[in-house]
Number of protein chains: 2
Amino acid sequence: MTEGPVDVRADTRARLQRAALELFTRDGFEQVTADDIADAAGTSRRTFFRCFPTKADAVWGEFGAHVARLDRLLAATHGDQPVLASICAAYVEVNDYAAADLPTLRQRMALILGEPALQAHSQVRYADVDRVVAGHVARRTGQAPGDLLPRLVATSTRAAATTAFEVWLAGGTTTLGHALHAAFDQLALGFPALRPPPGS
Amino acid sequence: MTEGPVDVRADTRARLQRAALELFTRDGFEQVTADDIADAAGTSRRTFFRCFPTKADAVWGEFGAHVARLDRLLAATHGDQPVLASICAAYVEVNDYAAADLPTLRQRMALILGEPALQAHSQVRYADVDRVVAGHVARRTGQAPGDLLPRLVATSTRAAATTAFEVWLAGGTTTLGHALHAAFDQLALGFPALRPPPGS
DNA sequence: TGCCGGGTGGCACTGGGTGTCACTAACGTG
DNA sequence: CACGTTAGTGACACCCAGTGCCACCCGGCA
């Protein structure tokens with residue numbers, strides 16, 4: 001059903017995704033209609049909405065699989081490591097793309113972080129990530145996933161990750177992994193770079 | 001223009017806002033159409049969209065004024081206070097509502113944090129907050145607003161604030177101010193509650 | 001009286017998203 | 001070979017958010 005020698009559905013889905021990424025980057029998210037994407041992919045508007053529940057979802061690739069992988073990585077974490085270190089390592093590993101995939105990733109993230117409509121939509125997708133991370137923290141600390149600490153760790157580590165993505169995207173000088181580690185270090189140490197503020 | 005003895009515009013705006021909050025809470029955000037709100041407020045759909053650029057914006061009250069106030073509070077901050085403490089104090093003061101306004105605030109925040117569509121929209125409004133906070137951190141540390149640290153502090157403090165709101169909303173046992181302080185303390189100290197994880 | 005100008009309502013239009021139906025190609029099974 | 005079955009698709013109609021446009025009404029003002 002999901003696999004097979006020639007999965008027609010997966011093929012049109014991939015074509016639509018490529019066309020969407022291309023057109024969004026070229027003309028901007030709002031300027032491109034679902035009809036435009038369907039035409040560019042050689043199919044119909046109706047099929048587009050059968051492959052992606054939303055115009056915005058065409059940008060997100062296999063994000064659900066990434067979240068599932070993050071979940072598995074966190075579950076396999078050794079308990080002798082600090083919680084934040086485990087989360088950081090899992091984030092880094094999930095975002096360890098092959099060099100050949102980096103251009104597509106840049107394109108994707110530039111859209112997600114740059115286009116207001118996609119920025120808004122991202123909140124919904126990130127909520128899944130937060131649930132996974134909060135669950136892990138809850139397991140490790142014996143608290144409920146709805147308590148302050150698990151929630152807070154989940155949202156602020158995700159904040160660190162997206163900030164690292166922004167810096168990586170804008171600067172271009174650093175590796176994504178480096179940016180992630182830098183952000184997580186600040187977070188884990190309570191922002192040491194903020195400590196010596198005015199004192200002479 | 002914005003004020004006067006009888007500002008007709010402001011009155012219909014207030015009526016629309018009340019009607020929207022009421023209907024959204026009762027029937028859910030997606031189920032209520034702009035026509036429903038306009039009818040309930042005794043005006044027309046067209047007028048609704050002249051008062052609020054988006055259906056979602058009817059929930060946000062005078063959010064722009066709050067952001068401006070946050071900006072002023074941060075600008076008036078004394079330099080002898082740690083940066084995070086200044087931000088926490090400013091957040092607490094901006095969210096120091098009169099007891100009479102708390103029910104409306106609960107209603108508003110329950111919608112914003114609960115309805116997926118409003119959750120998504122919130123990202124756009126919060127971006128203004130982040131800009132303000134990042135600017136403050138940049139000023140205090142001498143970095144550029146686009147650098148890692150100012151961005152990271154802005155997004156993670158906002159994460160702390162929204163998490164505090166969630167806990168306040170769900171639990172109902174604590175004050176909003178208490179929840180904010182608890183979240184900021186965790187953040188400022190690098191999550192001390194996470195430190196002694198499995199040891200011993 | 002006539003000339004404004006702001007707030008309004010009606011109307012038509014674009015575009016995202018959904019439900020429904022008919023068509024087609026692949027795949028058995030008799 | 002004829003047969004139902006099923007998945008993928010395209011076409012059409014529909015709802016609703018949001019926008020541009022225009023006509024209207026009403027309070028001021030010369």
Side-chain angles (χ1 to χ4, degrees), chain A residues 1-17 19-21 23-24 26-60 111-112 115-125, chain B residues 1-17 19-21 23-24 26-60 111-112 115-125:
Chain A
M1 200 170 275
T2 339
E3 304 168 311
V6 241
D7 192 334
V8 190
R9 185 72 171 269
D11 184 51
T12 60
R13 183 183 153 92
R15 279 200 333 268
L16 282 165
Q17 200 172 295
L21 224 54
L23 292 178
F24 290 161
R26 182 158 63 88
D27 302 334
F29 181 78
E30 313 266 14
Q31 273 59 49
V32 180
T33 74
D35 266 317
D36 295 337
I37 305 171
D39 286 353
T43 181
S44 76
R45 164 189 162 78
R46 194 65 188 82
T47 296
F48 175 87
F49 283 113
R50 259 190 286 257
C51 289
F52 303 100
T54 291
K55 205 176 74 160
D57 284 301
V59 186
W60 283 83
L111 285 169
I112 291 175
E115 293 276 356
L118 291 172
Q119 207 174 320
H121 182 75
S122 70
Q123 193 70 7
V124 181
R125 309 297 306 252
Chain B
M1 199 170 275
T2 339
E3 305 168 313
V6 240
D7 192 335
V8 191
R9 184 73 171 269
D11 185 51
T12 59
R13 184 184 153 92
R15 281 203 326 274
L16 281 166
Q17 200 172 294
L21 224 55
L23 292 177
F24 289 160
R26 182 159 62 88
D27 302 333
F29 181 79
E30 313 266 14
Q31 273 58 50
V32 179
T33 73
D35 265 317
D36 296 336
I37 305 171
D39 287 352
T43 181
S44 78
R45 164 190 163 75
R46 194 65 189 83
T47 296
F48 175 87
F49 282 113
R50 258 190 286 259
C51 288
F52 303 100
T54 291
K55 206 176 74 160
D57 284 301
V59 185
W60 283 84
L111 285 169
I112 291 174
E115 293 275 355
L118 291 172
Q119 206 173 321
H121 182 75
S122 70
Q123 193 70 7
V124 180
R125 310 296 307 250

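Within every chain, numbering begins at 1; the chains are lettered A, B, ... in the order of the sequence lines, protein sequences first and strands thereafter.
For B:Thr47, a side-chain nitrogen or oxygen approaches OP1 or OP2 of C:dG9 to under 4.0 Å. Between A:Thr33 and C:dT14 there is no side-chain N or O to OP1 or OP2 distance below 4.0 Å. Remark: B:Ser44 is not in phosphate contact with C:dG10, judged by side-chain N or O atoms under 4.0 Å from OP1 or OP2. When the side-chain nitrogen and oxygen atoms of B:Thr54 are compared with OP1 and OP2 of D:dA17, none of them lie within a distance under 4.0 Å. Regarding contacts with the backbone of C:dT8, a side-chain N or O of B:Thr12 is found under 4.0 angstrom from either OP1 or OP2.
Between A:Ile37 atom CD1 and C:dG15 atom C1' the separation is 12 Å, expressed in whole Å. Rounded to an integer number of Å, the gap from CG of B:Asp57 to P of D:dT19 is 10 Å. Here the C1' atom of nucleotide D:dC16 and the CG atom of B:Asp35 are 9 Å apart, to the nearest Å. Nucleotide C:dG15 holds its P atom 8 Å from the CG atom of A:Asp36, rounded to whole Å. Atom C1' of nucleotide D:dT19 and atom CZ of B:Arg45 are separated by 10 Å, given to the nearest angstrom. Atom-to-atom, CZ of A:Arg50 to P of D:dA11 comes out at 11 Å; the value is rounded to the nearest Å. Whole-Å rounding puts the A:Arg46 CZ to D:dT9 P distance at 12 Å. Across the protein-nucleic acid pair, B:Phe52 atom CZ and D:dC16 atom C1' stand 19 Å apart, rounded to whole Å.
By the 4.5 Å heavy-atom criterion applied to side chains, A:Glu115 and A:Phe24 are not counted as neighbours.
Atoms CG and NZ, on B:Asp36 and B:Lys55 in that order, are 8.5 Å from each other to the nearest 0.5 Å. Rounded to the nearest 0.5 Å, atoms CG (B:Leu118) and CD (B:Glu30) are 8.5 Å apart.
Using a distance-only test at 3.5 Å, with no hydrogens or angles considered, no donor-acceptor pair links the side chain of B:Arg45 to the main chain of B:Ala34.
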